[in-house]
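To keep things clear, I will list the structure first and then write my remarks on it.
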Amino acid sequence: MTDIDKLTGLFEALGADDATGWADSEAEDDIPQLARFRFLRMAWQDIDAWSSAAPHWVEAYRREGLAGGAVERAVRLGLTPVELGEIAREIARETTFALLQGMDDPARGDVPPGTEAQLPGWRLAELSPEGEPTGRTLGALHEDLNEAEPQSPTGGGS
């Protein structure tokens, strides 16, 4: 088994629709695509949980929580847990996209003039299976968020 076959198998195990494309990109372009896809898959599990677990969180929010009143009013107006879950999932996707974009460009935030040059930055870096830094950074994750969306919900859970 070649390295590309192993990579392709790992992408397939994680549910990548284009496992070969992701693996080829990692091998040919030296981009940490497996780490990127794994991270995006984890993000999608949390995004999808808003729709797949909607009946549970809608009931919980109706009983208590900061949004309890709004959820209760929405249900009384005829929105179903499924519909509320669709709305919540889309908000989670948009929030995740914005967060990923902000990881790449921290200057997007609301920073007073003259302060940006004094602020620390950040990066998300790949580790080997043994936990050692590989020296490769997971950049531009927002660009592949929609491409990594599972064709069926990931079932939620984090």
Side-chain angles (χ1 to χ4, degrees), residues 1-61 65 67 71 80-111 115-158:
M1 176 180 282
T2 67
D3 286 344
I4 195 77
D5 291 335
K6 181 180 176 185
L7 264 176
T8 301
L10 289 168
F11 278 108
E12 287 170 348
L14 291 177
D17 290 333
D18 182 14
T20 302
W22 285 93
D24 286 344
S25 176
E26 172 140 353
E28 293 171 10
D29 303 324
D30 194 33
I31 298 171
Q33 296 289 34
L34 187 58
R36 292 176 83 252
F37 188 84
R38 182 180 184 194
F39 185 87
L40 293 171
R41 181 179 181 275
M42 178 199 61
W44 274 110
Q45 287 173 333
D46 289 340
I47 293 167
D48 279 342
W50 285 101
S51 59
S52 64
H56 304 292
W57 68 256
V58 166
E59 269 313 302
Y61 277 49
V71 171
T80 67
V82 170
E83 292 168 325
L84 288 170
E86 291 171 358
I87 294 167
R89 182 184 185 274
E90 184 60 16
I91 292 168
R93 189 193 66 74
E94 290 287 339
T95 301
T96 300
F97 184 86
L99 178 64
L100 295 175
Q101 207 173 23
M103 286 174 59
D104 279 335
D105 184 11
R108 290 182 68 241
D110 186 14
V111 177
T115 306
E116 183 66 42
Q118 302 173 55
L119 297 175
W122 49 74
R123 70 178 173 159
L124 183 61
E126 177 187 51
L127 300 176
S128 72
E130 296 78 30
E132 297 296 320
T134 65
R136 299 193 307 177
T137 300
L138 283 66
L141 287 165
H142 66 283
E143 293 178 2
D144 287 325
L145 179 65
N146 291 337
E147 186 177 329
E149 180 178 7
Q151 294 304 303
S152 60
T154 58
S158 12

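Because the structure is predicted, anything quoted here is derived from the model rather than measured. All residue numbers refer to positions in the sequence shown, counting from 1.
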Worksheet entry | Nearest atoms (heavy-atom pairs only) where Thr115 meets Val111 | CB-CG1, 3.7 Å
Practice prompt. Verify side chain to side chain contact (heavy atoms under 4.5 Å, CB included) between Phe37 and Leu10, making sure each step is shown before the conclusion.
Written response: CA-CA 10 Å; Phe37 188 84; Leu10 289 168; over 6 Å; no
Item to complete: For side chain to side chain contact (heavy atoms under 4.5 Å, CB included), just list the numbers for Leu40 and Leu141, CA-CA rounded to whole Å, side-chain angles, deciding distance to a tenth of an Å, and then say yes or no.
Response: CA-CA 7 Å; Leu40 293 171; Leu141 287 165; 4.1 Å; yes
Worksheet item: Taking all atoms of both residues into account, what is the closest heavy-atom pair of Pro81 and Pro55, and its distance?
Response: CB-CA, 3.9 Å
Worksheet item: What pairs with Glu126 under side-chain hydrogen bond (donor to acceptor under 3.5 Å, both in side chains), at least two apart in sequence or on another chain?
Response: Thr134, Arg136
Worksheet entry | Verdict with reasoning, Arg89 to Glu149, per salt bridge (charged side-chain N to carboxylate O under 4.0 Å, His left out) | CA-CA 12 Å; Arg89 182 184 185 274; Glu149 180 178 7; 2.9 Å; yes
Item to complete: Not counting sequence neighbours, which residues clear side-chain hydrogen bond (donor to acceptor under 3.5 Å, both in side chains) with Glu90? List them please.
Response: Arg93
Item to complete: Please tell me if the side chains of Glu12 and Thr8 come closer than 4.5 Å, counting only heavy atoms from C-beta onward.
Response: yes
Worksheet entry | Sidechain-backbone polar pair: Arg41 side chain, Gly15 backbone, donor-acceptor under 3.5 Å | no
Worksheet item: Nearest 0.5 Å, what's the CZ-CZ distance between Phe11 and Arg38?
Response: 12.0 Å
Worksheet item: Do you know which two heavy atoms are closest between Gly85 and Ala54, and how far apart they sit?
Response: CA-CB, 3.7 Å
Item to complete: Kindly indicate whether the side chain of Trp22, heavy atoms from C-beta on, has any atom under 4.5 Å from the side chain of Asp144.
Response: yes
Response to the item:
Closest non-hydrogen atoms of Trp57 and Val71, given as atom of the first, atom of the second and distance, are CZ3-CG2, 4.4 Å
Item to complete: Using a 4.5 Å cut-off on heavy atoms from C-beta on, say whether the side chain of Trp50 contacts that of Ile87.
Response: no
Worksheet, complete the sentence: Given the options Ile47, Asp17, Asp48, Pro150 meets side-chain contact (heavy atoms from CB on, under 4.5 Å) only with Asp48
Practice prompt. Quick one: do Leu100 and Phe39 satisfy side chain to side chain contact (heavy atoms under 4.5 Å, CB included)? Show the steps, please.
Written response: CA-CA 11 Å; Leu100 295 175; Phe39 185 87; 3.7 Å; yes
Worksheet item: Residues two or more places apart in sequence or in another chain: which of them pass side-chain hydrogen bond (donor to acceptor under 3.5 Å, both in side chains) with Ser128?
Response: Glu130
Worksheet item: Shortest non-hydrogen contact from Ala23 to Ile4?
Response: O-CD1, 3.3 Å
Worksheet item: Of the options Arg36, Gln33, Met103, which is the one that meets Leu138 in a side-chain contact (heavy atoms from CB on, under 4.5 Å)?
Response: Arg36
Worksheet item: Between Asp104 (side chain) and Ala140 (backbone), is there a donor-acceptor pair under 3.5 Å?
Response: yes
Fill in: Atom of Leu145, atom of Trp44 and distance for their closest heavy-atom approach
O-NE1, 2.8 Å
